[in-house]
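Worth saying up front: this structure is predicted, and the values here are computed from it rather than measured. Here is how names work: the chains are called A, B, and so on, in the same order as the sequence lines, proteins then strands, and each is numbered from 1. Only this structure's heavy atoms are used, side chains among them; waters, hydrogens and symmetry mates stay out.
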Amino acid sequence: MVTRKPHIVGKPFPRVEAELKVSGRSRYIDDIRFGPDLLHACLVPSTEAHAALLRVDVSAAREMPGVVKVLTGQDFTAWLGLFLKDRPLLADDRVRYVGQPVAVVVAESREIAKRAASSVMVEYKSMPASLDVMAGIEADAALVHPELASYEGLEHVTPITGTNVGDHVQLQWGDMEAGWADADVVIEHTYKVGRLYHASLEPHGAVAKMEDGRMTLWASIQRPYTHRTMIAQALGLEPGQLRVIAPCVGGGFGGKAFPCIEAIVAAVARELPGRPIKLVLDRRQEFACAFMRPGLTARLKAGVRRDGVITALKAAYYWNVGASVDAAIRVVRGAVLAGAGPYKTPNCEVESYAVYTHEPPAGPMRGNGMAELHWAVEQHIDRLADAIGMDRLAFRLQNLVKGGDRLYGGRVMHATGLETCVRGAAEAIAWSEQSKSLAGDGRKVYGKGLAAMWNPVVAMQPLGVTALVTLDNERICTVSVGGVESGQGIYTLAVQLVASELGVPHSNVHFERVDTERGSLDWTATSGHLTWTMGNAVVRAAQDVKRQVLSFVAQAWDEPIGNLDIIEGVIVSYSPTSERTLNLTDLLSEGIATADSERVRPSFEGKGFFQATGRPALDSGDEEPRIPPIIHFSTGAQAVEVEIDVETGVTRVLQMAPAFDVGHALNPDIVRAQIKGGSVQGLGMALLEQIRFDHGFPLNRTFKDYNIATIQDIPKRIDPIIVEVPQDDGPYGARGIGEHVLIPTAPAIASAISNALGIYLDELPLTAEKIWQALEIQDT
Amino acid sequence: MVIYIKFGCNAIRRIPEMNEWTYSDFYLERGGNLHPFDYAKPTSLAEARTLLAQTAADGVVLAGGSDVLRRIEEEVIRPQVLIDIKGLPELRGISFSVHGGLSLGATTTISALAAHNDVRRHYSLLVKASHQLGSLRIRNRATVGGNICVALPQTDLPPALLCYDATCHLLGPEGERTVPLSECYKGTRQTALEPGELLVRVTLPAPAAYSYGAYHTVRQGGQTTVVGAAVLARRASGPSTEWRIALAAAAPYPLRAYEAETHLASAEPGAAMVEKAAELAMRAAQPADDIRASARYRRSMVGVLVRRGIEEVIEQLSGRGR
Amino acid sequence: MKHQITCKINDEVTRMEVESHRTLLDALREDLGLVGAKHACVSGECGSCNILFDGEVVSACMILAVEADGAEIITVEGLAESERLHALQKAFLDHNALQCGFCSSGMLVSSYALLQSVSRPNEQEIRAALEGNLCRCTGYADIIKAVQVASRARR
Ligand SMILES: Cc1cc2nc3c(=O)[nH]c(=O)nc-3n(C[C@H](O)[C@H](O)[C@H](O)COP(=O)(O)OP(=O)(O)OC[C@H]3O[C@@H](n4cnc5c(N)ncnc54)[C@H](O)[C@@H]3O)c2cc1C
Ligand SMILES: Cc1cc2nc3c(=O)[nH]c(=O)nc-3n(C[C@H](O)[C@H](O)[C@H](O)COP(=O)(O)OP(=O)(O)OC[C@H]3O[C@@H](n4cnc5c(N)ncnc54)[C@H](O)[C@@H]3O)c2cc1C
């Protein structure tokens, strides 16, 4: 008799959806057929950053044969927003950014829709636009939302009325005066990050159909439940009237976490009941009409003593949220909670401002603001260390937050592997050995850099998550969760956890794609903590279903339930008298004779619910009602070595050693894959990526000029280091990983560049030309 | 629940992953990305000439399509007819003779060019430039003629062709004529081709007894050359060396740096000669500011890349016992 | 204008009627249901719609369907032999060489073409073969590994 539990958690394990993907059989939104009734939508995007709409002439479009409907902002008055409704479905009386949908055309074919859309005449009256964050907070700036004070949802945010500040928060602890007085050196500097594009390979796409008063929306999205709530609200539907289904999703990175075109498609479908409406963006529209990562201007001022103690830190974060702050509220709020970086800061003042500009709306991207924020903090830490002549690694090690340290507001830091990560990463690139400073021909220089990070898991909404595990004869075991598989491997984890908890071979466990009708509510679904929230719910659901099975069998066998277990798919009895066994599959297919000798073929449904609570030690308390509780911090570090061609400025990353504390690596292969992928995304962000605007007009709207890292840009070696300090309320001790991996890479690369050249670069990206320019200035 | 998807008219496949929400009646009409046009594929030059004359401004020549289709998709151009020239035998193939030189049919793909043995042996700079052009899937379609006729500054092959003194053979309503490649460019997206004229082939003079070329570029992430410099040295039998320098993305079109070439041919060898030549090349450049780089950076990079190219070539020459 | 074309797709002779302006990608996806090749940029920039065209990798979005008359085409759907995955597909699966999967078809087709011409490619050759294929998820390293593993498995 087998008595050992199969241990498939913590082991490599192939991705459950990978076979479909490698054989080209996965169905993404654009691959699904919707029948001959399908209609096609096309958007008419604004070409102005800020203008009054004098006239939207759709008459030519309406008359085109094959055009079914043309709708403008006059037809929809609804606004979208989860916290603050600051996004009209279609432009109302004015446009607020280039690319804002002004009208939508629906036609029998995509070609007709496209042609009709380009025949829509829009008459604009240009108005001054506010395109700079710092100028935008001044009193005389052009306002993006003059009527902000009347918007719905103000109870969630704190705008400064009459300005472009859509939300702001502040946090202060310790004694700033004393901190400044204690400092030997005070350094003040401003750091900048421009707008970035999520660039998932699959563009946004949605199909909606209204039938018998109920709507179904199929869409490439990351959070079906968030979409359902927001879109139902905007359209005046009950959540139950809207069914949201997420097919295979080709990447998201935060860009698909909030509705954009999906809401428009749904609104159109409501006008045209009975026919499915489809809109899949092409790449140029995708750049223009979807979300962009917020930009950041960070002003940091810090005091440090010669012995390496940070005495005071004042940080002000100004987020460029474009024309909408709603999707970026967590970014803005999270910034004060993590705004001092993962360092001991007894005296600190952090402010965070969301500043509206006439640019595309902000959508959070992988890291939820933390990548932008650490760009500033980590570079400032380098400057502080350099100013007192201390090694950058030693300075970090001295100041890193450790488990048990007191944070602000009486909070106490939980156990963390941060220091292990920093040491491990540094060691992996042989930190103590200086880089070859000058190569033979003097044209190449080398440098090493390091950055640490922490990422607070912030509970903006109640993090309620349910999972279902069903057992039936047809599919044996099915796990259904509310989070979407967008590449991170979440279904594989779910299958692994169920197999392990229930005691069945993983080949018996199937996953189900998200369908809000089938109910596994999940509000989180992104943000690198699905593993933790969904994982907990899945474990509980599996335990629930197992209890049901065992009690059913216990009754039939007339044995105490405590005698029974499921091992490798076999229900076994440990009773010393009866050594009975029964295959779970047999139970499901043939049933079991009950005590009154009637054969019953059972099926079971187990439910698991997980509700994260702000833990007392990290709870914000009543005095800061608008600051959400932090659940825990994920931590990690990145170390890199770079080679710079000093004549051209071209920088190559030679090696990366990313290290992250994941609590417990439920599937080490997937964790390593996340770390590598995030590191390379960070590399692109550091060296290449930025949307360039000309008077609010995004210039690079294709991959030709918005360069993400290619296979030729990656270093020869990326060696992920997994650190495991268990999370006490995580499934098997796990924390998430997906978001964190992006955060420390850009500052680590900047750190290596300043190590090599003695030049600090404060604005991303670090293009060849920018480095060349800095070297030229240094020379003169 | 098992769902069957009908593919096309007869094949039926089972899609195990599909949930019950998939419609079972299948007809996927997404519609195209391109506005409607007609397509013609002439099989003889005469037929092509007639077509070109008939369609005039409404017809556009289609070679590899890597530029044309993109511009149609972006709605920069809206031709009525695409005239596919890949069926014309005269525009195909590579031929070489030691005395006659190299002849490249206009529809030769970049991949075919780079793989050709005689090209590899005698015109290796073309191979180096080819390897920088886009990625394999582009090189497998893009043609030599197309890379010339787009007349874009950042094209990678023309600088190398300029170094080999390439000549374009054009065929139009008035008959055939030849134009040196260096005189083919009139501006960005403007060539010396008259309406209705086709580039039939490009010829390169017989290879020198010895030649060596270098192609250096600044390219970072992505596929476009920010600046490029091709440098070629040729020797007949004697010790005198002939130099060629041509630039990519440093002017409205691919450009030769004549003064720099002359300087190299006449000046005393040494570091000063190289510096001076690089400086002359910088002066010849007429770079523009654009999203990829500033004019200042481009000009400065011309200096760096030309110097590196010359140095590489000199090192190679001296390796052969100067 | 409509054209009758005949080509061999994944070893099956296929006749189609296509409009002049239809791209090969649209014809494959919509007329034949071969949706493995993806619409991701439709301007030749990302490699997600790569197919083999007369033995060479090309982007199906940058070719007209009429140009495929007489051509031999292999798509990702044609890599597996009957129900057995190709060594590359197996290696991609085993080595985490995919995440969201949207670029995978193109990656696999490009890698397949590489292995047709170089049986044991080194890292540099793999990079060169895949430089036109964008991936936002994996960071490429595991893709390189998978191609190497597959090349060894095949011998
Ligand atoms: C993703 C991508 C990356 C690229 N990267 C590079 C790169 O790195 N370097 C580079 O140089 N280029 C690059 N290109 C550009 C492109 O491949 C070249 O310009 C290519 O050589 C064009 O050739 P084609 O055969 O595809 O031309 P087509 O697109 O068929 O035609 C181009 C133009 O030339 C005209 N034309 C073509 N042949 C003739 C002829 N024989 N007679 C008269 N007119 C003719 C056509 O009418 C059209 O106007 C890239 C393109 C893409 C899509
Ligand atoms: C991913 C990708 C990569 C490509 N890479 C290349 C490539 O490397 N080479 C190539 O030939 N084609 C390349 N192409 C194809 C070709 O670039 C497009 O057909 C072309 O970019 C269209 O140019 P445009 O419409 O942006 O600019 P156009 O207006 O057609 O041309 C202007 C271009 O020329 C440049 N320019 C103009 N004047 C000057 C000057 N005085 N000095 C310097 N530069 C000047 C500008 O940078 C601008 O990009 C690529 C296409 C893609 C999709």
Measure [X] against the heavy atoms of chain A and call it side chain, backbone, both or neither at under 4.5 Å.
{"X": "Ile144(C)", "value": "side chain"}
{"X": "Leu79(C)", "value": "neither"}
{"X": "Ala40(C)", "value": "both"}
{"X": "Gln124(C)", "value": "neither"}
{"X": "Leu108(C)", "value": "side chain"}

Atom of [X], atom of [Y] and distance for their closest heavy-atom approach:
{"X": "Cys135(C)", "Y": "Ile708(A)", "answer": "O-CD1, 4.2 Å"}
{"X": "Cys100(C)", "Y": "Gly250(A)", "answer": "SG-C, 3.3 Å"}
{"X": "Gly24(A)", "Y": "Ser105(C)", "answer": "CA-OG, 4.4 Å"}
{"X": "Ile718(A)", "Y": "Ala141(C)", "answer": "CD1-CB, 4.5 Å"}

Rounded to the nearest 0.5 Å, what separation is found between the [atom1] atom of [X] and the [atom2] atom of [Y]?
{"X": "Leu201(A)", "Y": "Arg136(C)", "atom1": "CG", "atom2": "CZ", "result": "9.0 Å"}
{"X": "Arg29(C)", "Y": "Asp30(A)", "atom1": "CZ", "atom2": "CG", "result": "4.5 Å"}
{"X": "Cys137(C)", "Y": "Gln681(A)", "atom1": "SG", "atom2": "CD", "result": "7.5 Å"}

### Message
Assess the residue pair Ser23(A) and Gln89(C) against the criterion (side-chain hydrogen bond (donor to acceptor under 3.5 Å, both in side chains)); give the C-alpha distance rounded to whole Å, side-chain angles, the decisive distance to 0.1 Å, and a yes or no.
### Response
CA-CA 7 Å; Ser23(A) 50; Gln89(C) 292 170 310; 5.5 Å; no

#### Entry: Ionic contact status for Glu45(C) with Arg283(A), cut-off 4.0 Å
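No, no charged N to carboxylate O under 4.0 Å.
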
Using side-chain heavy atoms (C-beta onward) and a distance below 4.5 Å, is [X] in contact with [Y]?
{"X": "Glu19(A)", "Y": "Leu85(C)", "value": "yes"}
{"X": "Val35(C)", "Y": "Arg25(A)", "value": "no"}
{"X": "Gln99(C)", "Y": "Gln674(A)", "value": "yes"}
{"X": "Phe102(C)", "Y": "Pro203(A)", "value": "yes"}
{"X": "Asn96(C)", "Y": "Arg15(A)", "value": "yes"}
{"X": "Asp31(A)", "Y": "Lys38(C)", "value": "yes"}

### Task
Show your working on side-chain contact (heavy atoms from CB on, under 4.5 Å) between Asp669(A) and His95(C) and close with a plain yes or no.
CA-CA 8 Å; Asp669(A) 279 351; His95(C) 295 275; over 6 Å; no

### Message
Ignoring hydrogens and geometry beyond distance, is a side-chain donor-acceptor pair present between His21(C) and Glu111(A) at under 3.5 Å?
### Response
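His21(C) vs Glu111(A): donor-acceptor pair found between side chains.
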
### Message
Counting heavy-atom pairs closer than 4.5 Å to chain A, which one of Val76(C), Leu93(C), Ile143(C) comes out on top?
### Response
Leu93(C)

### Message
Please determine whether side-chain contact (heavy atoms from CB on, under 4.5 Å) holds for the pair Lys676(A) and Thr138(C), giving the CA-CA distance in whole Å, both sets of side-chain angles, and the decisive distance to 0.1 Å.
### Response
CA-CA 7 Å; Lys676(A) 288 184 223 177; Thr138(C) 66; over 6 Å; no

### Query
Does Tyr140(C) use its side chain to pair, donor to acceptor, with the backbone of Asp713(A) at less than 3.5 Å?
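Side chain of Tyr140(C) to backbone of Asp713(A): no pair is present.
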
